[in-house]
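What follows is one structure encoded as structure tokens, with my remarks underneath.
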Amino acid sequence: MTLDSLQRGRKYVIKGVNSADPVVQRLMVLGLVEGTEIELASAAIGGDPIEYRIFGNAISLRREQARQFAVSLKAEG
Amino acid sequence: MRPDPKTTRVSVERIAVRRHAAATVVVVGNPNSGKSTLFNRLTGLRQRTANYPGVTVEKHIGTVRFDDMALELVDLPGMYALSAHSLEERIAVDVLLGRMSDVRPPAGILAVLDTTNLYQGLYLLQQLLTLHLPVVVALTMSDAAQASGLRIDVEALRKRLGGVPVFPVVATTGQGVNALRHALHEIPHSTAPKLPTLWRELSDASELLAREMPVTVPRIEIERALIDHDSVFYRELVERMGEGGTARIDAIRTQLFGQDPPLASEARHRYSWVREVLAEVQQKAPAIVTWGSRISSWLNRPVPGTIGLFVVMALVFQAVFAWATPLMNAIDQGSAALGSLVAAMLPQGAVASFVSDGIIAGVGSVVVFLPQILILFLFIIVLEDSGYLARAAYLMDRVMRSVGLSGQSIIPMISSFACAVPGIMATRVIPNRRDRIATILAAPFMTCSARLPVYALLIAAFVPAQRIGWVNLQGLVLFGLYVLGIVAGLLTALLLRKTALHGPKPPFALMLPEFRRPNPRTVFIQLIGRAMIFLRRAGTVIFSVAVVVWALAYFPRSESIETELQFRVTSAETSLSGEALRSSVVVLRNQAAAAQLEQSLLGRAGKVVEPLFHPLGWDWRISAAVIAGFPAREVVVAVLGTVYAVGSEADESTLAGRLKSAAWPDGTAVFTLPMVIGLLIFYACCLQCAATLAVIRRETNSWRWPVFAWCYMTTIGYTGALIAYQIGTP
């Protein structure tokens with residue numbers, strides 16, 4: 001499952017990053033690394049770009065970049 | 001008795017530092033961390049803005065005064081990392097390392113961390129700690145953090161950072177700023193903190209390499225050389241290591257990072273440390289739903305957000321036109337009254353004409369639009385400060401992508417509504433070169449504040465002040481011109497991205513700051529700063545062009561016209577008296593003035609180019625004004641003011657009135673609606689701004705783009721005006 005298919009209202013954790021891409025590396029500097037908790041916040045008209053919340057702050061990504069991040073649901077509790 | 005050498009030295013120092021700042025402290029932080037607000041709070045109005053040598057990145061320098069000394073603060077552009085990817089980051093790194101020729105090597109760092117975003121703040125701070133300089137940490141927006149249920153254990157954080165002082169502050173109210181000032185005061189006497197262990201493998205490797213160097217190389221330079229593949233530091237290190245350097249570095253990289261790209265490895269390492277620290281020092285209570293968060297979550301939804309954006313834009317444009325009107329009228333009447341008063345006091349001739357028609361009329365007709373420009377700046381600053389501009393970039397990304405740009409282009413474009421020069425400078429945030437050039441060439445189409453005087457003048461004079469429903473027709477036409485500029489700019493970008501600047505679509509990622517209430521103090525300081533920049537331009541470029549144009553319109557004086565005027569006035573005096581005489585003399589004077597202008601240098605120049613502009617319905621006066629306006633479009637109003645004050649019937653004291661009464665030799669009006677619309681289109685599209693051309697040259701580092709932009713935009717403007725006039729005129 002990748003970042004472009006999150007459900008609203010649930011918490012996820014980044015599990016893998018396709019870090020070979022220099023663009024993705026710049027996103028990693030912003031905090032999108034393995035272990036970061038992430039939630040879906042909203043999307044612009046047409047569903048792209050997508051807005052997420054990481055560590056309480058909002059960040060927006062285009063769908064094609066969101067696909068470079070593998071996520072899984074955060075274990076409850 | 002011998003004076004104690006210690007006391008003497010101290011007092012000498014005190015005298016010296018009263019004149020010059022004792023040391024330089026660099027202010028570093030993430031974008032939107034409240035860095036500028038804190039900088040303004042610490043320095044007040046004791047600040048100046050210049051450019052770093054050779055580049056157009058702005059250098060903000062301010063002074064913090066203490067009883068016994070002063071410190072110089074350098075506010076660096078906001079950044080997320082010291083990785084030197086963008087020009088701004090490279091300059092920031094150079095300043096921090098003392099490599100920037102016109103900034104003293106810093107004595108310390110003021111690191112500004114947003115309490116509500118410690119995650120990214122601590123990432124940057126880790127890199128800053130490697131610089132081996134005294135560091136003071138300010139945790140801004142501690143009030144907002146508290147309101148949202150965030151608790152920070154300051155003492156624990158301080159320990160994790162190797163003992164650097166940490167101060168929670170609220171920059172907007174000044175809370176905690178005094179303690180911070182005390183800490184800043186101590187910086188020149190402090191030593192660098194002991195580096196906490198952040199990433200042992202990297203520290204060890206760079207320590208080892210540093211020992212091998214023949215000269216002392218700062219640790220941060222070695223670390224950056226290892227991480228940033230093709231950086232300046234990498235090349236310098238390879239050079240210092242001599243033969244086998246590349247292979248050696250490659251070996252160390254493999255050992256440190258394995259097959260992982262170094263930058264990715266750095267991000268993973270540093271953020272795992274950040275998470276560890278945050279788990280220890282940060283406590284989060286369940287989020288409280290605040291008024292602000294409710295509004296922002298509503299505005300973040302796709303449809304309300306987009307509608308909201310358009311409402312905001314429409315409000316700005318309506319306000320720019322409607323709110324400024326009373327003030328403008330007052331300034332207009334004041335300048336007209338001053339002009340005739342001064343003209344009456346001086347003996348008739350070149351000096352009186354120079355003062356009233358050159359200086360007062362010229363500058364007056366530009367200054368009159370200052371209220372509009374201030375309102376526009378005010379809105380842009382407020383939107384920027386409240387975090388709304390980033391939101392606009394996000395909402396507009398889809399649209400911008402359809403023309404081959406990214407949402408990041410929206411900020412330069414929106415800035416260009418005030419002035420294309422800062423707009424084009426702001427394109428530096430766009431990492432992709434093709435994207436950047438396309439944005440640079442689209443930006444001058446945006447309706448800048450210098451176009452407003454021309455628009456406002458022509459709209460006020462020729463568009464009826466009717467209401468259609470609740471919309472003011474004049475406001476509607478102005479809005480239409482803004483839309484025209486936007487459409488022309490976007491189509492230009494699209495065209496370029498499909499042809500000369502063809503390439504893959506650029507990536508896009510953007511931090512979206514929380515909405516926050518803009519701080520009046522910061523808004524005010526920025527507003528003054530931008531208004532001063534505009535006035536400096538108005539005061540120098542416009543004034544000198546206005547004076548030159550007045551001279552071109554005044555000289556050479558024809559003696560025979562003057563003699564004939566004297567003769568006719570004398571003969572009128574013999575046959576007329578009272579009111580009839582007075583009005584007859586006025587008519588004679590105006591005819592003489594018109595004749596003088598027609599044979600002046602400007603009149604002749606206008607006539608030479610008139611055939612070129614005749615198909616657009618322009619007479620030689622407008623042609624002359626257009627030619628004179630090419631170096632700086634805002635001059636056009638001053639030129640029209642001068643031209644018509646000298647050459648046309650002077651019944652109405654305002655320029656708008658003068659334009660309405662302008663006529664062709666056969667008596668038909670020059671300014672018909674199709675001609676005015678054509679003229680507006682011409683001004684909407686043309687690149688009449690020497691400053692913009694110069695900045696395009698500088699930013700693209702070639703003459704090719706400014707020359708192309710000028711020819712392209714002039715062609716579009718001319719064609720548009722031609723079509724409007726030819727279709728609209730029977």
Side-chain angles (χ1 to χ4, degrees), chain A residues 2-4 6 8-71 74 77, chain B residues 32 80-81 83 85 114 116-120 123-124 145 148 150 229 259-272 274-275 278 282 284 287 296-297 299-303 305-306 387 390-391 393-399 401 406-407 431 505-514:
Chain A
T2 52
L3 263 190
D4 61 322
L6 303 192
R8 205 183 303 250
R10 311 186 78 161
K11 285 186 174 158
Y12 300 82
V13 180
I14 297 179
K15 287 294 177 190
V17 184
N18 175 17
S19 61
D21 184 348
V23 172
V24 174
Q25 291 169 24
R26 299 292 288 160
L27 299 178
M28 293 177 77
V29 170
L30 296 179
L32 292 162
V33 294
E34 289 87 349
T36 300
E37 276 181 39
I38 190 160
E39 279 175 82
L40 176 66
S42 179
I45 282 184
D48 193 12
I50 310 170
E51 181 186 342
Y52 300 97
R53 296 200 75 84
I54 48 171
F55 42 88
N57 292 80
I59 185 170
S60 74
L61 293 184
R62 281 190 185 158
R63 210 161 263 282
E64 55 180 295
Q65 272 122 39
R67 281 194 207 105
Q68 310 300 313
F69 295 87
V71 289
K74 191 192 172 197
Chain B
N32 295 303
Y80 293 106
S83 40
H85 278 269
D114 175 355
T116 62
N117 187 8
L118 279 181
Y119 206 79
Q120 290 173 329
Y123 186 90
L124 179 63
S148 69
L150 265 185
H229 176 63
Q259 291 308 305
D260 213 15
L263 200 61
S265 185
E266 183 190 20
R268 289 190 178 110
H269 260 97
R270 296 206 191 278
Y271 275 115
S272 80
V274 169
R275 265 197 302 271
L278 285 184
Q282 180 174 284
K284 190 153 174 51
S296 77
S297 84
L299 273 177
N300 289 357
R301 278 190 272 161
V303 176
T306 310
R391 180 71 45 188
Y394 157 74
L395 288 168
M396 297 305 287
D397 182 60
R398 188 68 179 228
V399 177
R401 210 180 326 168
S406 81
K505 280 184 180 174
F508 174 74
L510 200 66
M511 292 305 297
L512 300 170
E514 286 300 308

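Sequence lines set the chain letters: A, B, ... in the order given, protein chains first and strands last, and positions in each chain run from 1. These figures come from a predicted structure and were not determined experimentally.
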Any side-chain to backbone donor/acceptor pair from Tyr394(B) onto Ala44(A)? Under 3.5 Å, distance only. yes

Below 4.0 angstrom, N of the basic side chain to O of the carboxylate: do Glu51(A) and Arg391(B) qualify? yes

Interface check, chain B: of Asn57(A), Val24(A), Val33(A), most non-hydrogen pairs under 4.5 Å belong to Asn57(A)

Side chain, backbone, both or neither of Ile14(A) within contact of chain B (heavy atoms, under 4.5 Å): neither

Just do the side-chain contact (heavy atoms from CB on, under 4.5 Å) check on Val29(A) and Glu266(B) with the steps written out, would you? CA-CA 8 Å; Val29(A) 170; Glu266(B) 183 190 20; 5.6 Å; no

Are any non-hydrogen side-chain atoms of Asp397(B) and Arg62(A) less than 4.5 angstrom apart? yes

Apply side-chain contact (heavy atoms from CB on, under 4.5 Å) to residues Phe55(A) and Val274(B) and explain how you reach the verdict. CA-CA 11 Å; Phe55(A) 42 88; Val274(B) 169; over 6 Å; no

Gly47(A), Ala20(A), Gly35(A): which one forms the most heavy-atom pairs within less than 4.5 Å of chain B? Gly35(A)

The interface call for Val17(A) against chain B, heavy-atom contacts under 4.5 Å, is both

If I measure from the heavy atoms of chain A, does Arg268(B) come under 4.5 Å with its side chain, its backbone, both, or neither? both

Who among Leu124(B), Asn117(B), Asp260(B), Val303(B) has the most heavy-atom pairs with chain A under 4.5 Å? Asn117(B)

For chain A, which of Ala267(B), Ser265(B), Ser272(B), Ala390(B) has the most heavy-atom pairs under 4.5 Å? Ala267(B)

